[in-house]
Structure formats: C-alpha cells, structure tokens
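We use all heavy atoms of the structure for the numbers below, so side chains are in, but hydrogens, waters and symmetry mates are not. Each chain gets a letter, A, B and so on, in the order its sequence line appears, and its residues count up from 1.
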Number of protein chains: 2
Amino acid sequence: MAIQITKETDYAIRCILYLIGMNGQVCTVGDISREQSIPYTFAAKIMQKLARAGLIESVRGVKGGFVLKRRPEEISLLDIVEAIEGPISMNICVLDRKSCDRQPRCPVHPWWVEISEVLRERLGEFTFDRILK
Amino acid sequence: MAIQITKETDYAIRCILYLIGMNGQVCTVGDISREQSIPYTFAAKIMQKLARAGLIESVRGVKGGFVLKRRPEEISLLDIVEAIEGPISMNICVLDRKSCDRQPRCPVHPWWVEISEVLRERLGEFTFDRILK
DNA sequence: CAAAACAGGATTAGATTAGTCCTAATTAGA
DNA sequence: TCTAATTAGGACTAATCTAATCCTGTTTTG
Ligand code: SF4
Ligand code: SF4
C-alpha cells in the first residue's frame, strides 16, 4: 500500500474542488467538511496546510473562511500532494542521499531519481482546468 | 512520505541484484543478508515472497539457498515492487472502486487511474539489464 | 462584548512497517 | 541413519506513521 497518496491528501483535493465550485465565494470549514464528508477538525488542519502553501487564503473572524488564491489552471495535483505530504520521491535516497550508505555505488539509485522526476512532472500536468473539463 | 517504496522493497531489489551478480550460483540467506546489509530474518521473509512470486527459486536442505529463475532482462522494478507490496496504485479508489462512495461522480478518479497506469508502465520499463548497463 | 470563525500545539487511536522468534520440514553428507 | 545446514511459515513485537481529536487562543463582525 506504500506507493499511494494518503487519505489526508485525497481530502485536500476535495477541499480544492469544493472551493473551485464555489467560484470565489468565502467558504467555512463547516461547509467543506459537510459537503465533502471530511471530519471537521481534520478538514480544519488540512485547510491550514493549504493556506500555508499559498493555494488558498484564510479570512479570520465572523463571516470568515477560505477562498481560492489561484485560478484552477494554476493548481495541479502535484501542488496539493506536496502541500500536504511535502516533497515527493519514490525512494528515501532520492531526497536524502546520506540516508543510505550504499548510494555511491548503487546501480539503482539514479533510476529512482529519474522515476521520481517523471512522476512529479506527470502530477504537475494535471491542473484543475484539465481535471474538470 | 507516503508515495514511496518501503524499505522491504528496497531490500528485495538488493537481493535480486546480489543474485544477478552471483550468476546462477545458489546463495544462502546468510550470504545475502551479510553482503546487502539486511537483517537476517527479514531477508529470509523477503526471499520467500520473491520465490512465491516466481522471480527466484528456493533449494531446501544442506547446500540449499536461492537462485534466480529469470534472466535480468526479464525482471523489472515493477515485478519486484508488486511481488513485495502487491498491486500498486496511486489512490485506493483505483484498485477498489467501492472503497469510496464518491467515485461515480468524482472528477479526479479517472486521472488517478491514468497516473497509476503510467507509473506501472514506467516501472515495468526498468529491467535489470538496463539498470546494470 | 458576544458569537462565529480560523490558528496552532498537544494528545490519542489505529494501521502499517520493520523486524524477531519459534517450531517445522527438507536434504547433503558423515 | 543421524546431524547440521538450510528453507517454510505462523505468531508475535516494537517503532513509526496516519488519521483524527481536543483544547486554548486570536481575530473580527454586528
Ligand atoms: S540501496 Fe540504492 S536504491 Fe536503495 S536506498 Fe540505497 S541508494 Fe537508494
Ligand atoms: S474522492 Fe475521488 S479520487 Fe478520492 S478516493 Fe473518492 S473516487 Fe478516488
């Protein structure tokens, strides 16, 4: 099961989908949680992460909530995955060479670097204008 | 960290690399464990999985061990990943549609199916003759 | 100033990963 | 035929990560 996005990331995508559907309107965590079947407190945390990553913007206080900060064509699956899970790579040695002392003479390492890059590129191609067309 | 092969899978790849290097010779778990820095009992389990998947063959009894069952060009990273982790997909709904009741009207689902397929194809292209060239 | 919202740290429950342990079953060779 | 070397496989455990909750604080409208 390891090569898979987490439930949290899937929730985050649903959050973005909801905001896109609301077309610039400020939405509360309550709305999102209810409409997208995400536990309220968990959704709140996810929205915080998405805000810190600059994908959405928060509005505090009464009548507050969240709004999309970019247009759908400026948000990709990669943006969301990395906003939630951090930089992605197919094997630990890709991001942190020192994590494995075999790396200098490992014949597989360079290929994990390549596959990781291919995956990132692919995920980056899926922007929400394409996803929703 | 979620989109990443497990340590067990990385170990499995090292096991195969070792067997390829030994060129048809029967190798014991002890040899492999020592040479590839894999905990002995864990390596034993991994070899069992690789044998059940048909990538290697076990020889029981004294002077027993494991031998490669296919040529390097007939073994890909995908074969090993799936031998250890089972069928891979980028999101749970790809392999099990019923896992998510939003699937029938989810605009992202079809794209996860596509990305998963791309990843499988890519991993399938990395056979050990290429990896070791 | 009260109520409706977000902010963020700490904590918890459950699942998965990583690894161990123990008891068989097999087999080459003394 | 017995013994030591070796794999087979189930049960168990420790550590880590995922999924989620809780609680206290801050902001802001009306
Ligand atoms: S053995 Fe090679 S592929 Fe595996 S973690 Fe080390 S460097 Fe990376
Ligand atoms: S919401 Fe869509 S992408 Fe997410 S699990 Fe359900 S079907 Fe799959």
Side-chain angles (χ1 to χ4, degrees), chain A residues 1-15 19 22 25-34 36-69 81 84-86 88 91-92 99-100, chain B residues 1-15 19 25-34 36-69 81 84-86 88 91-92 96 99-100:
Chain A
M1 163 99 55
I3 303 179
Q4 205 161 81
I5 60 165
T6 62
K7 215 164 173 181
E8 186 182 13
T9 301
D10 190 78
Y11 287 159
I13 293 167
R14 297 191 207 174
C15 291
L19 288 187
M22 294 311 277
Q25 198 181 312
V26 175
C27 305
T28 67
V29 171
D31 297 338
I32 297 164
S33 149
R34 216 174 310 107
Q36 298 291 323
S37 333
I38 305 169
Y40 180 90
T41 55
F42 202 16
K45 289 297 187 201
I46 291 167
M47 295 307 276
Q48 281 182 40
K49 283 196 193 178
L50 293 174
R52 279 190 226 109
L55 301 180
I56 63 179
E57 199 155 33
S58 74
V59 181
R60 299 188 68 166
V62 182
K63 299 256 168 188
F66 294 89
V67 232
L68 216 54
K69 207 171 164 184
V81 172
I84 302 298
E85 307 189 8
I88 64 175
N91 200 347
I92 184 152
S99 63
C100 178
Chain B
M1 164 103 49
I3 301 179
Q4 206 162 81
I5 59 164
T6 61
K7 215 163 174 184
E8 187 182 13
T9 302
D10 190 79
Y11 287 159
I13 293 167
R14 297 191 206 174
C15 291
L19 287 188
Q25 198 182 311
V26 175
C27 304
T28 67
V29 171
D31 297 338
I32 297 165
S33 149
R34 215 173 311 106
Q36 299 290 322
S37 335
I38 305 169
Y40 180 89
T41 54
F42 202 16
K45 291 296 188 202
I46 291 167
M47 296 306 275
Q48 281 182 39
K49 283 196 193 179
L50 294 174
R52 278 190 227 108
L55 301 180
I56 63 180
E57 199 155 33
S58 73
V59 180
R60 299 186 70 168
V62 181
K63 299 258 170 182
F66 294 88
V67 230
L68 216 54
K69 207 171 163 184
V81 172
I84 302 296
E85 307 189 9
I88 63 174
N91 200 345
I92 184 153
D96 176 13
S99 63
C100 177

> Could you give the OH-to-P distance, from A/Tyr40 to D/dC23, as a whole number of Å?
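After rounding, the reported distance stands at 15 Å.
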
> Measure from NZ on A/Lys49 to P on C/dA7 and round the result to the nearest Å.
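So the NZ-P distance, A/Lys49 to C/dA7, works out to 14 Å.
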
> Which parts of residues 52-68 of chain A get close to DNA chain C, meaning a heavy atom less than 4.0 angstrom away?
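DNA chain C contact set from residues 52-68 of chain A: A/Arg52, A/Ser58, A/Val59, A/Arg60, A/Gly61, A/Val62, A/Gly64, A/Gly65, A/Phe66.
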
> Base of D/dG9, side chain of B/Lys45 - is there a donor-acceptor contact under 3.5 Å?
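Result: at least one qualifying N/O pair found.
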
> What is the separation between atom CD1 on A/Ile32 and atom C1' on C/dC6, rounded to the nearest whole Å?
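These atoms are roughly 12 Å apart.
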
> Would you say the side chain of A/Lys49 lies within less than 4.5 Å of the side chain of A/Glu8, judging by non-hydrogen atoms?
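Yes, side chains in contact.
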
> Nearest to the side chain of B/Tyr11, heavy atoms from C-beta on, is which of D/dT18, D/dT21, C/dG19?
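Nearest nucleotide to the side chain: C/dG19.
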
> Over how many whole Å does the gap from A/Ile46 atom CD1 to D/dT21 atom P extend?
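Taking CD1 of A/Ile46 and P of D/dT21, I get 11 Å after rounding.
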
> Closest nucleotide of DNA chain D for A/Lys7 versus for B/Cys27: which of these residues is on the 5' side?
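Upstream on the strand: B/Cys27.
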
> For the side chain of B/Thr41, starting at C-beta, report the closest nucleotide among C/dC6, C/dA18, C/dT20.
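It is C/dT20.
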
> A side-chain contact here means heavy atoms from C-beta on lying under 4.5 Å apart; do B/Asp31 and B/Gln36 qualify?
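When only atoms from C-beta onward are counted, B/Gln36 and B/Asp31 do not touch, as no gap falls below 4.5 Å.
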
> Can you find a pair of side-chain heavy atoms, one from B/Tyr40 and one from B/Val29, that are under 4.5 Å apart?
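Yes, close enough: below the 4.5 Å cut-off.
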
> According to salt bridge (Lys or Arg N to Asp or Glu O under 4.0 Å), does anything in residues 38-47 of chain A pair up with another residue at least two apart or in another chain? List the pairs.
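Residue pairs with at least one partner in residues 38-47 of chain A: there are none.
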
> Just how far, in rounded Å, is P of C/dC6 from CG of A/Leu19?
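It works out to 11 Å between those atoms.
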
> Answer with base, sugar-phosphate or nothing: what part of the nucleic acid does B/Gln48 contact at a heavy-atom distance below 4.0 Å?
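Contact class for B/Gln48: base.
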
> Between B/Cys15 and B/Ile38, is there a side-chain heavy-atom distance shorter than 4.5 Å?
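SC-SC contact between B/Ile38 and B/Cys15 confirmed.
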
> Is there side-chain contact between B/Cys27 and B/Val67, with at least one heavy-atom pair below 4.5 Å?
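Contact flag for B/Cys27/B/Val67 side chains = no.
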
> May I have the distance from B/Phe42 (atom CZ) to D/dT7 (atom P), rounded to whole angstrom?
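These atoms are roughly 17 Å apart.
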
> Could you state the atom-to-atom distance from CD of B/Glu8 to C1' of D/dT16 in whole Å?
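Roughly 15 Å, once rounded to whole Å.
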
> Report the distance from atom CD1 of B/Ile92 to atom P of D/dT18, rounded to the nearest whole Å.
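Taking atom P of D/dT18 as the reference, CD1 of B/Ile92 is at 15 Å.
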
> Would you check, one step at a time, whether the test side chain to side chain contact (heavy atoms under 4.5 Å, CB included) holds for B/Glu85 with B/Ile5?
CA-CA 8 Å; B/Glu85 307 189 9; B/Ile5 59 164; 3.9 Å; yes

